[in-house]
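First comes the structure, then the notes that go with it.
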Amino acid sequence: MKALKNPNWAFEPNPRMGGAVGEAFTNTLASSGMHPEAVVAREAIQNSVDARAEESQKVSVDFVTKALTGAEKAAFAKAAGLAIIQERADRLGFRDPNCISTIRDKLTPLRLLYVNDHGTTGLKGDPFSPDSNFYKFLLTLGDGGKEQDEHGTGGSYGYGKSVYSANSGIQTIFAYSRTKNASGEPLSLLFGCGYYRKHTHLEKVFTGRGWFGLDNTPGIAGAQPVVDPLLNDAADAMAGLLGFDSREADDLGTSVLIVDTLLSPDGILEGVEDWWWPRLISHKLDVRVVREDGTEELPRPRKRNHLRPFLEAYDIAAGKSPPDGKTQFQKPIGKNDGLLGLSVLKQEEDGEYAVSEDRTDSVALIRSPLMVVAYYRKWNVGTPVMAGAFLASPDIDLVLRSSEPPAHDRWDPEARRLQDQTGSKRMIVERVLSGIRKTVKSSQKTASPPPPPKPKRLTFLERTLASLLSPSKSGTGIKPEATAAPIHLEYDKVPQTSAEGEALKLTAAFSVRLKADEASSEMKVRMKVTCPVIEDGSVGESLALSIKTDDVLEADPDNPEWMIFVLSPDKPSRFVCETEKYDPLWTVRFVPEVEAVGA
């Protein structure tokens, strides 16, 4: 085994002609609007999928969290050269607190996140060549070399790697990769990068870019630093000191270590499920999340209620599940732009949808890498509410990819990279998005609404009326007490919501009658109809209601909330009720109550 040289940190002096500062590598995706764990899940897996060894290769990605204390923490800090960073830490723009400020505290954990991929090429190419994956991944920013690659890649800007440093409390990462050299022989690489704030140290100005490796800077005054990666045995040995899992000669792939991370395993797992479920259920991706105590978690998107409607729509779009033409639809978009699957959302027992409000009536946009680009909705929520999945044709994959911003979170027809003399690329994106909107709306017009959830009863009186005053069945139900009035209440139209612009209304119709075999004369009864808002499981204020009926209603002098009318034995009294408009985020319950006057 070759003797291990002593790698360390080197910092880039500010060049005379300027250049990118370290923060440029960290801030690129900082304003994507997503949770940090979701951004890391999207971009890290996308980097791995783009680097898959073959088109059909299944890629596996592990997110492994560790918390170091005591001697383990001290040993890591020494191997990672954190003392060198500590010398100028007050000028590097770190968040507070950070691991540098607690580096000597043996009891405060140093949290690490390792992102390991397998089934990829690793950082292939000559690491000393600007065309190598090593060079593009760690030393450049905004290299769009993948833009014209027809491999079906997700990324194309060269910004995706910034998610690693952006989620380090000290903007510091290490990369360890097993790949093959030009002769096909195994090659190990290890390199560290720090993307810091521009600063002054010992009266010299630095860009904020720092590298951990072997300093081979020429001994010439004013020469820019040259820091080379550790190779082969030296790389493997240092990887062990930094806590990376060892790799066999044929275990090609890349591992990235985020130093001092606040990312949570639960958030990462949710991010993987929310954005990578198409590739997961297509059995082209395996993901494992390992907690600090060693517990392993696997993403299970089919078990997530908020994702099931989109998975159902995806199976319809992909032809795995035939649509019924009533609540499920498969529609082509354009002549050969892709297929759209749609499924009517079903309400839960509480009247809500499993899908969150911002994703109701939305369509998951998916192209070749099988990541959800966005949950797209640029229209008012319609009726019935739907969930959709659009699977783009490979023929337009390059155009759609070019329309995405660095965060790859939408298809933008005004993207600069779509500009050409004919405008044909922009027209393709516009055609896709408008086709999705028109198809959703046309499908809603022909869709059968889902059956409404059964209304829940709130009072003992209503529950009693529902069971005692309905047509009796031999051997079922509870016998009425001797004082119970012979009144029967039944729905002509069960409570059902409908959209009124961006609000909702609830309507219901019911009849009240006397049982023919128990009453032969008119009876004075009183009725109260309410529709309270349910707040945190408690009954809140009732919505205003309009009640239409042919009967004469009079206010009860003893209680104005109740109305008195006369019930005839010859015909039922019918009532049609409608609430005022209310916020679609509210849960409401319709409650009719009827009793004999004096009961």
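Worth saying up front: this structure is predicted, and the values here are computed from it rather than measured. We use all heavy atoms of the structure for the numbers below, so side chains are in, but hydrogens, waters and symmetry mates are not. One-based numbering along the sequence shown.
Taking CD from Glu348 and OG1 from Thr587, the interatomic distance works out to 11.0 Å, rounded to the nearest 0.5 Å. Rounded to the nearest 0.5 Å, atoms CG (Leu365) and CD1 (Ile436) are 5.0 Å apart. For the atom pair OG of Ser321 and CD of Gln330, the computed distance is 10.0 Å after rounding to the nearest 0.5 Å. The CZ atom of Arg279 lies 12.5 Å from the CD1 atom of Ile366; values are rounded to the nearest 0.5 Å.
Residue Asn167 comes nearest to Pro36 through the heavy atom pair OD1-CB, 3.3 Å, listed as atom of the first residue, atom of the second, then distance. Counting all heavy atoms, side chain and backbone alike, Pro309 lies closest to Val355 at CG-CG2, 3.8 Å. Closest heavy-atom contact between Ala387 and Leu345: CB-CD2, 3.9 Å. The minimum heavy-atom distance between Asp361 and Lys441, with the atom names listed, is OD2-NZ, 4.2 Å. Summarising the geometry of Leu585 relative to Glu357, their closest heavy-atom pair is CD2-CG, 3.2 Å, with the distance given to 0.1 Å. The nearest pair of heavy atoms linking Val344 to Ala447 is CG2-CB, 4.0 Å.
Between Arg367 and Asp397, at least one side-chain N (NZ, or NE/NH1/NH2) sits under 4.0 Å from a carboxylate O, which counts as a salt bridge. By the 4.0 Å N-to-carboxylate-O rule, Glu297 lies close enough to Arg291 to be salt-bridged with it.
Between Thr69 and Thr108, the closest side-chain pair of non-hydrogen atoms is not below 4.5 Å. Side-chain atoms of Thr172 and Trp9, non-hydrogen and from C-beta on, do get closer than 4.5 Å to each other. Side-chain contact between Arg42 and Met34 is present, with heavy atoms from C-beta onward closer than 4.5 Å. Side-chain contact between Val363 and Val440: present, with at least one pair of heavy atoms (C-beta onward) separated by less than 4.5 Å. Contact check for Gln444 versus Val385: no side-chain heavy atoms found under the 4.5 Å cut-off. Using a 4.5 Å heavy-atom threshold, the side chains of Leu252 and Lys180 count as touching. Side-chain contact between Tyr353 and Gln347 is present, with heavy atoms from C-beta onward closer than 4.5 Å. Contact check for Val256 versus Phe174: no side-chain heavy atoms found under the 4.5 Å cut-off.
Heavy-atom neighbours of Lys331 NZ from other residues, nucleotides or ligands within 6.0 Å: above the threshold of 12. Few gaps surround CD on Gln57; more than 12 heavy atoms of other groups in view lie less than 6.0 Å from it. Annotation: Lys284, atom NZ; neighbour count of heavy atoms from other residues, nucleotides and ligands within 6.0 Å does not exceed 12.
In this structure, the ring of Trp211 has its center no less than 6.0 angstrom from the ring center of Tyr195. Remark: aromatic rings of Tyr376 and Phe390 are distant, center separation not under 6.0 Å. Separation of the Phe191 and Tyr176 ring centroids does not fall under the 6.0 Å cut-off.
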Could you walk me through whether His118 and Asp286 satisfy the side chain to side chain donor-acceptor pair (under 3.5 Å) test, starting with their C-alpha distance in whole Å, then the side-chain angles of each, then the deciding distance to 0.1 Å, before giving a yes or no?
CA-CA 10 Å; His118 305 272; Asp286 289 334; over 6 Å; no
Does Thr254 form a side chain to side chain donor-acceptor pair (under 3.5 Å) with Asp117? I'd like the steps, not just the answer.
CA-CA 6 Å; Thr254 300; Asp117 70 30; 4.7 Å; no
Could you please spell out the steps behind the ring-ring contact (aromatic ring centres under 6.0 Å, His included) verdict for Phe94 and Tyr196?
CA-CA 8 Å; Phe94 296 159; Tyr196 313 125; 5.7 Å; yes
Quick one: do Tyr375 and Thr360 satisfy side chain to side chain donor-acceptor pair (under 3.5 Å)? Show the steps, please.
CA-CA 9 Å; Tyr375 291 91; Thr360 55; over 6 Å; no
Intermediate values then yes/no, side chain to side chain donor-acceptor pair (under 3.5 Å), Arg247 and Ser255:
CA-CA 10 Å; Arg247 289 179 179 267; Ser255 298; 3.0 Å; yes
Salt bridge (charged side-chain N to carboxylate O under 4.0 Å, His left out) for Asp131 and Lys124? Distances and angles first, verdict last.
CA-CA 10 Å; Asp131 294 328; Lys124 68 178 181 178; over 6 Å; no
Decide side chain to side chain contact (heavy atoms under 4.5 Å, CB included) for Glu404 and Arg410; before the verdict, give the C-alpha distance in whole Å, the side-chain angles of both, and the deciding distance to 0.1 Å.
CA-CA 6 Å; Glu404 296 172 2; Arg410 65 183 182 275; over 6 Å; no
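Side chains of Thr295 and Asp293: a donor-acceptor N/O pair is present below 3.5 angstrom, by distance only. A donor-acceptor contact closer than 3.5 angstrom links the side chains of Ser188 and Asp236. Side-chain atoms of Asn98 and Asp260 form no donor-acceptor pair, as typed in the model, at a separation below 3.5 Å.
Within the structure, every pair that satisfies the salt bridge (Lys or Arg N to Asp or Glu O under 4.0 Å) test and touches residues 301-321, not counting sequence neighbours, is listed here: Glu273-Arg304, Arg302-Asp315.
No cation-pi contact links Arg300 to Trp276, judged by a cut-off of 6.0 Å to the six-membered ring centre and 45° from its axis. Both tests hold for Lys66 against Tyr114: distance to the six-membered ring centre under 6.0 Å, angle to the ring axis within 45°.
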